[in-house]
Amino acid sequence: MADQGHQEHINPWGSKSWTYLSSLRQQSPLIQCITNLVSMDLMANTLLAAGASPAMVHSILEIPDFTPHTQAVLVNVGTLTSDWLPAMKAAAGVANRLGKPWVLDPAAVGASGFRLKACLELIELKPSVIRGNGSEIISLSMASIGSTKGADSLHESSDAVDAAKSLAKSSGCIVAISGSVDFVTDGERVVGVRNGVPMMQKITASGCAVTALIAAFVALDPTNAFEATAAAFSVFGLAGEIGMGMANGPASLRMHLIDSLHGLDQDTVLRRVNITNFS
Ligand SMILES: Nc1ncnc2c1ncn2[C@@H]1O[C@H](COP(=O)(O)OP(=O)(O)O)[C@@H](O)[C@H]1O
Ligand SMILES: Cc1ncsc1CCOP(=O)(O)O
Ligand SMILES: [Mg+2]
């Protein structure tokens with residue numbers, strides 16, 4: 001324990017991140033995911049490996065019965081159609097009414113006016129956290145489409161920090177940008193998370209999966225979404241770093257990332273979580 005106290009002194013974020021991960025394993029919150037068709041498998045496996053319980057329930061007919069049983073809701077617009085949007089809004093509405101957190105992933109928001117309008121309407125329903133890549137956060141902040149490469153980013157995450165701060169201030173949400181450095185802001189504070197490996201970009205839906213992990217961490221600590229989000233980025237990135245040591249390419253990284261997330265231990269988290277203030 002003395003050693004742990006020493007580690008806390010060196011790296012308070014390591015200790016926080018371990019608290020989130022170990023609580024997730026103990027509490028196993030139920031996370032409802034209304035997500036794109038590409039991401040369902042990786043997202044569900046990420047949540048299970050980390051210790052949460054995923055459920056891909058997206059019919060509007062099931063939301064009144066099911067959403068009240070969940071601890072958080074994840075909404076991802078990656079393959080949005082007009083019939084899914086009312087279900088997303090209904091689930092966000094139930095979550096709000098019952099005081100549960102919900103998290104928005106504006107995947108490929110710059111792809112069309114339909115998707116942008118949908119995301120802006122969803123933000124009106126007050127997600128706790130919005131997590132996108134650099135291009136997605138810039139599109140949302142400027143409420144503009146066109147500068148897009150679909151689900152991938154045209155921007156470095158650092159290019160989007162000012163946009164993220166502005167979006168956080170205007171929406172009241174925590175805004176999170178993924179990339180080579182992940183950033184988290186409440187509009188005033190900004191932290192940078194330097195865990196992860198570049199090949200994670202070559203696994204489709206790795207961004208979607210980390211947003212679901214954010215929802216799971218926020219479920220444990222809804223009043224502290226800023227810290228929960230930074231910790232989730234770090235834990236996911238750390239699983240990628242460890243997985244990369246065994247991987248030969250994106251497909252085996254996908255497998256080893258999930259295995260590494262499942263096996264992450266306290267000592268590794270305390271030593272390797274890399275979160276710092278950013279100004
Ligand atoms: N260059 C990089 N170095 C380290 N980690 C990265 C890098 N690019 C992306 N990641 C990580 O990969 C995951 C997905 O991020 P990203 O590719 O930005 O999302 P999206 O798929 O939504 O575009 C995040 O956990 C992020 O931290
Ligand atoms: C390829 C693709 N097309 C629509 S959603 C999607 C998945 C994108 O996932 P991520 O943004 O997490 O890589
Ligand atoms: Mg991606």
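Counting starts at 1 for both ligands and their atoms, in listed order. Keep in mind it's a predicted model, so treat the numbers as computed, not measured. Sequential numbering from 1 along the given sequence is applied to the chain's residues. Worth knowing before you read on, the calculation uses all heavy atoms, side chains too, and leaves out hydrogens, waters and symmetry mates.
Among protein heavy atoms, the minimum distance from atom 19 (O) of ligand 1 is reached at S178 OG, 3.2 Å. At the shortest separation from atom 14 (C) of ligand 1 among protein heavy atoms lies S206 OG, 3.4 Å. Of all protein heavy atoms, the one lying nearest to atom 2 (C) of ligand 1 is S180 CA, 3.3 Å. Annotation: atom 6 (C) of ligand 1 to nearest protein heavy atom, G179 O, 3.4 Å. Protein heavy atom closest to atom 9 (C) of ligand 1, with residue, atom name and distance, is Q201 CG, 3.4 Å. In terms of protein heavy-atom proximity, atom 12 (O) of ligand 1 is nearest to M200 CB, 3.3 Å. Nearest protein heavy-atom contact of atom 2 (C) of ligand 2 is V38 CG2, 3.9 Å. Of the protein's non-hydrogen atoms, F236 CD2, 3.4 Å is the one closest to atom 25 (O) of ligand 1. Closest protein heavy atom to atom 1 (C) of ligand 2: T204 OG1, 3.7 Å.
In this structure, C208 and N36 have side chains that are in contact, with non-hydrogen atoms separated by less than 4.5 Å. Put simply, the side chain of E227 does not reach to within 4.5 Å of the side chain of V191, judged on heavy atoms.
By the 3.5 Å distance cut-off applied to N or O atoms, R131 is counted among the residues near ligand 1. On a distance-only criterion, S153 and ligand 1 share no N/O pair closer than 3.5 Å. Every N/O-N/O distance between D152 and ligand 1 stays at or above 3.5 Å.
Judged by the shortest distance from any of its heavy atoms, A108 lies outside the 4.0 Å radius around the atoms of ligand 2. Ligand 2 has A205 within reach: a non-hydrogen atom of the residue lies less than 4.0 Å from it.
Listed for the S17 side chain is a donor-acceptor partner under 3.5 Å among the backbone atoms of W13. Not a single donor-acceptor pair under 3.5 Å links the side chain of H58 to the backbone N or O of I34.
One finds no salt bridge joining K202 and D152 here, because no Lys/Arg side-chain nitrogen approaches an Asp/Glu carboxylate oxygen to under 4.0 Å.
The heavy atom nearest to atom 11 (O) of ligand 2, out of those in A151, A212, S178, is found in A151. Distances from atom 5 (S) of ligand 2 to the heavy atoms of C208, S39, G78 show the closest one on G78.
Applying the 4.0 Å criterion to heavy atoms of G207 picks out, from ligand 1, the atoms 14 (C), 19 (O), 20 (P), 21 (O), 22 (O). Each of the atoms 23 (O) of ligand 1 lies under 4.0 Å from some heavy atom of A151. Taking every non-hydrogen atom of N133 and a distance limit under 4.0 Å, the qualifying atoms of ligand 1 come out as 18 (O), 20 (P), 22 (O), 23 (O). With ligand atoms numbered from 1 in the order given, ligand 1 contributes 4 (C), 5 (N) to contacts under 4.0 Å with heavy atoms of G196. For ligand 1 and D182, the ligand atoms under 4.0 Å from any heavy atom of the residue are 26 (C), 27 (O). Atoms of ligand 2 lying under 4.0 Å from any heavy atom of G207, numbered from 1 in the order shown and given with element: 12 (O).
Residue-environment remark: CE (M56) exceeds the threshold of 12 foreign heavy atoms within 6.0 Å. The environment of CD in E241 is crowded: more than 12 heavy-atom neighbours from other residues, nucleotides or ligands sit within 6.0 Å.
With no hydrogens or angles considered, no side-chain donor-acceptor pair links T229 and R131 at under 3.5 Å. Between T81 and D83, the side chains place a donor N or O and an acceptor N or O closer than 3.5 Å (distance only, hydrogens not considered).
Between Y20 and N224, the shortest heavy-atom distance links the atoms OH-O, 3.7 Å. Scanning both residues, A50 and L213, for their nearest heavy atoms gives CB-CD1, 3.5 Å. In this structure, I145 and S112 approach most closely via the heavy-atom pair CG2-O, 3.5 Å.
With W102 as the partner, the side-chain contact (heavy atoms from CB on, under 4.5 Å) test is satisfied by one option alone out of V218, V73, T67: V73.
Contacts of V197 with ligand 1, taken as heavy-atom pairs under 4.0 Å, involve the backbone alone.
In this structure, the separation between CG on L264 and CZ on R272 is 9.0 Å, given to the nearest 0.5 Å.
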